Amino acid sequence: MKKVATRFAPSPTGPLHIGGVRTALFNWLYSKNKNGSFYLRIEDTDKERSKDEYKNQIINSLKWIGVENDGDEYIQSKKIDDHINIANELLKNGHAYKCYCSSEEIEEQKKRAKQKKIPYIYDRKWRDKSESEAPKDLKPTIRFKSKIEGTTILKDLVQGDVEIENNTIEDFIILRNDGTPTYNLSASVDDHQMNITHIIRGDDHKINTFKQMQIYLAMKWELPSFAHIPLIHTTEGKKLSKRDKASTLNDYSKIGIMPEALRNYLLRLGWSYKDKEIFTIDESIKYFNLEGIGKSPSKLDMSRILSMNEHYIKNMSENELYIQFESYCDKYKNKIPNEKSDKIKKSLNFLKNKAKTLEDIYNNSTYIIEDVVSFNNDDLKLIDDNAKKIISEFSSNIDKLDKFERYELEPILENLIKSNNTNFKGVGQPLRIILTGSKFGPGIYDIIISLGKEEVKKRLSAKIT
RNA sequence: GGUCCCUUCGUCUAUCGGUUAGGACACAUGGUUUUCAUCCAUGAAAGAGGGGUUCGAUUCCCCUAGGGACCGCCA
């Protein structure tokens, strides 16, 4: 048995979106499940559109979600000479030929086909023409001599047998008239040279697979296995593209989605293992298989991502959560001041109960992070004279406390409720507003204790007068 | 238009011929609760339609309908 090798081969012509991330994840999981290797190949042969910026974004995205490639990134543009050599070999073997059609001529044919509403396919004009008829002033493209007779069956590991008439595959270009290789050639040569055994990619590549299979056959190379996974659709039911909002990983991380949550979500999007929903990395490696991949495209569901994130927030250790929260604030909000980090750490146990995202934690903890409380007028109106009296009583009552724990605070509040002939809200709400500037937030005891006696006194006295 | 793929609750899915069609998210209701939440309980919610095959079809086959992908000297 050959050692399993998979690859993810994006082109750095745009930011990697969540669909690509899932494809990478599936390839990575499959190879790890089989104790094999996973490679990252940057397909940067389109010099016009490829950008280093995108290459880095791709590498960072995969790193962020925990998909790690074996070995260095494979840079396709460095292998162009190999691709050209194979094209020449194909030419020599009679599996390819020179086509002297100008691009204008081809465009014209396509236009006409469209007008007549018939499918365009290159008419194989130069397939059997002799070289002597070639125009002198035109550089030819090299086309692959595709099969015309019969059918080809692709034994797809996800979709089953897919049969296609060979004559629907045109004589595709493998070398442009400037001598550079095109995608189908480069990809086949690279996959072969990298000893890729399983090609797992989006459904949108299926036609390419039939073309690439023919190159393999012509070169007498051993065919890899193919698995075409259904695409991820937007809520509108269309193929997800780079232009869609909320499509890159950064769109998610900036609102406080954590990598393990998104990884788990993506794993379960289009793949399942019985009724299991939550998978650690190790579990996903252990259980991942191609049989569990569904055949129909699936839609992105934000509320599901959120609830997955919520699950991870509540179930990860507070230490780990703090590390993620800290770097989240650092990157997208304000850096947590050193002197506040202990308070935040201690408060995580109640902060996390109200949070679906790291951003929620941030919003609920600003009263700790920021020293000056800001108020809005509507809330301030609730602080009437009666409320001020209660607050002032509370303030003097806590002076004698030395532990400043819940069991000490509870009786004080209860007494205030009784002596002022009110309910919990009558005491709790004004306190909350003055302490945090908001009617909403963590439990009142949590707020008081997390702030500490000194800070509570300070904030109360600033507002009573 | 041609080729290919898909079709179970709103969404992600389980079921590999016999189930009261299960779970999760979302939703609704009730309970716990100092706000908002959490948590707990309960509920509503699905096999696109039509033909076969079979003792029996969500499951196998065919047709129809609907949806999607591809149709570059991009990758």
Side-chain angles (χ1 to χ4, degrees), chain A residues 9-14 43-46 48-50 76 99 101-103 106-107 110 113-114 116-121 139-143 154 156 158-160 162-165 167-170 172-184 186-187 202-208 210 228 230-231 233 235 237-239 265 268-278 291-292 294-308 310-311 314 350 352-356 360 364 413 417 423-429 431-433 438-447:
Chain A
S11 67
T13 54
E43 304 210 327
D44 59 342
T45 51
D46 184 339
E48 297 282 301
R49 297 194 299 147
S50 293
Q76 188 167 61
C99 166
C101 292
S102 66
S103 43
I106 300 287
E107 282 312 311
K110 280 184 190 170
K114 210 169 183 180
K116 286 194 201 157
K117 289 204 165 185
I118 54 170
Y120 167 75
I121 182 162
K139 280 192 169 170
T141 59
I142 309 296
R143 286 184 184 267
L154 161 66
D156 194 283
V158 167
Q159 304 198 345
V162 181
E163 189 173 10
I164 198 172
E165 300 267 347
N167 62 23
T168 59
I169 306 291
E170 71 168 351
F172 54 97
I173 291 171
I174 54 178
L175 237 45
R176 301 183 185 95
N177 64 188
D178 66 358
T180 57
T182 62
Y183 167 73
N184 280 301
S186 296
D203 202 13
D204 49 345
H205 276 287
K206 213 157 46 192
I207 292 294
N208 292 326
F210 284 100
H228 291 94
L231 302 175
H233 281 178
T235 16
K238 301 282 182 215
K239 174 184 173 181
Y265 172 77
R268 280 288 286 97
L269 190 66
W271 178 82
S272 62
Y273 179 78
K274 299 179 182 169
D275 277 343
K276 195 169 166 58
E277 299 285 351
I278 304 298
E291 295 76 50
K295 290 185 169 191
S296 49
S298 32
K299 289 180 186 151
L300 232 34
D301 179 4
M302 194 57 200
S303 67
R304 190 95 190 236
I305 296 175
L306 251 16
S307 97
M308 191 63 83
E310 185 180 14
H311 177 272
K314 295 210 169 101
F350 62 86
K352 72 179 179 185
N353 280 331
K354 343 179 22 73
K356 281 182 154 60
D360 290 343
N364 277 318
L413 254 71
I417 291 166
N423 55 19
F424 201 99
K425 197 178 171 187
V427 176
Q429 192 170 60
L431 271 176
R432 172 194 301 282
I433 289 172
S438 169
K439 275 189 287 189
F440 311 113
I444 190 68
Y445 293 113
D446 288 330
I447 292 172

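The chains referred to below are lettered A, B, ... by the order of the sequence lines, with proteins before strands, and numbering in each begins at 1. Small disclaimer: the values here were computed from a predicted structure and weren't measured.
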Span that lies between the P atom of B:A48 and that of B:U58, in whole angstrom
10 Å
B:C70: pairing nucleotide in any strand, Watson-Crick or G-U under 3.5 angstrom
B:G2
Taking the same atom, C1', in B:A21 and in B:G30, what whole-Å distance lies between them?
27 Å
Mind checking the C1' distance from B:A57 to B:G51? Whole angstroms is fine.
14 Å
Strictly by Watson-Crick or wobble contacts shorter than 3.5 Å, is anything paired with B:A57, and which nucleotide is it?
none
Can you check the A:Phe350 CZ to B:U34 P distance for me, whole Å?
17 Å
B:U11 P sits how many Å from A:Tyr265 OH, rounded?
12 Å
Are more than 12 heavy atoms from other residues, nucleotides or ligands located less than 6.0 Å from atom NZ of A:Lys425?
no
Could you give the distance separating B:U59 and B:C9 at their P atoms, to the nearest angstrom?
14 Å
Considering every strand and a 4.0 Å limit on heavy-atom distances, what is the contact class for A:Tyr445: base, sugar-phosphate, or nothing?
base
Stepwise side-chain contact (heavy atoms from CB on, under 4.5 Å) test for A:Ile106 and A:Lys110:
CA-CA 6 Å; A:Ile106 300 287; A:Lys110 280 184 190 170; 3.9 Å; yes
Between A:His205 and A:Tyr183, what is the ring plane arrangement, given parallel below 30°, perpendicular above 60°, and tilted in between?
tilted
Crowding at NZ, A:Lys276 (>12 non-hydrogen neighbours, <6.0 Å):
yes
Tell me the interatomic distance from A:Arg432, atom CZ, to B:A37, atom P, rounded to whole angstroms.
12 Å
Any heavy-atom pair between the side chains of A:Phe172 and A:Thr182 that's under 4.5 Å?
no
Could you let me know what B:G43 is paired to, Watson-Crick or G-U wobble, both distances under 3.5 Å, or none if it's on its own?
B:C27
How would you label the contact of A:Gly441 with the nucleic acid (heavy atoms, under 4.0 Å): base, sugar-phosphate, or nothing?
base
Counting C-beta onward and ignoring hydrogens, is there a side-chain heavy-atom pair between A:Tyr265 and A:Asp301 closer than 4.5 Å?
yes
Letter per nucleotide, 5' to 3', of nucleotides 66-75 of chain B [B base touched, S only sugar-phosphate touched, - untouched; heavy atoms, 4.0 Å]
--SSSSSBBB
Give the rounded distance in Å between these two atoms: NZ of A:Lys295 and P of B:U8.
13 Å
Identity of whatever pairs with B:A65 - Watson-Crick or G-U, under 3.5 angstrom:
B:U7
Where the side chain of A:Arg176 meets the backbone of A:Pro181, is there a donor-acceptor pair that is under 3.5 Å apart?
yes
Below 4.5 Å, heavy atoms only, C-beta onward: do A:Pro12 and A:Ser50 meet side chain to side chain?
yes
Sugar-phosphate only, base, or nothing, as touched by A:Lys314 at under 4.0 Å among non-hydrogen atoms:
sugar-phosphate
Between A:Val162 and A:Phe210, is any pair of side-chain heavy atoms under 4.5 Å apart?
yes
For A:Ile164 and B:G2, what is the distance between atoms CD1 and P respectively, to the nearest whole Å?
15 Å
In this structure, how many angstroms lie between the C1' atom of B:U33 and the CD1 atom of A:Ile444, rounded?
14 Å
Counterpart residues, side-chain hydrogen bond (donor to acceptor under 3.5 Å, both in side chains), relative to A:Thr235 (two or more places apart)
none
A:Gln159 CD to B:C4 C1', in whole Å, measures 8 Å
In whole Å, measure the gap between the P atoms of B:A45 and B:C62 for me.
34 Å
Is there a Watson-Crick or G-U wobble partner for B:U15 with both distances under 3.5 Å, and if so, which one is it?
none
Would you indicate whether A:Glu163, at its atom CD, is surrounded by more than 12 heavy atoms from other residues, nucleotides or ligands within a distance under 6.0 Å?
yes
With a 4.0 Å cut-off on heavy atoms, is A:Pro230 in touch with a base, just the backbone sugar-phosphate, or nothing at all?
nothing
Result for 5'-nearest mapping on RNA chain B, choosing between A:Gly443 and A:Ser298, is A:Ser298
Say we look at B:A28 and B:A44: how far apart would their C1' atoms be, to the nearest angstrom?
7 Å
Rounding to an integer number of angstrom, what distance separates B:G23 and B:U8 when you compare their C1' atoms?
13 Å
For A:Ile447 and B:A37, what is the distance between atoms CD1 and P respectively, to the nearest whole Å?
15 Å
Testing B:C12, B:C5, B:U35 for proximity to the side chain of A:Phe440, the answer is B:U35
For nucleotides 19-32 of chain B, give me one character per nucleotide, 5' to 3': B if any protein heavy atom sits under 4.0 Å from the base, S if the only such contacts are to the sugar-phosphate, - if neither.
---BBBSS------
Heavy-atom check, side chain of A:Asp203 versus side chain of A:Val158, under 4.5 Å
no
For A:Glu165 and A:Gln429, take the nucleotide of RNA chain B holding the closest heavy atom to each; which residue's nucleotide lies nearer the 5' end?
A:Glu165
Counting just side-chain N and O atoms, does A:Lys425 come under 4.0 Å of either OP1 or OP2 of B:U34?
no
Separation of the P atoms in B:U53 and B:C27, to the nearest angstrom:
47 Å
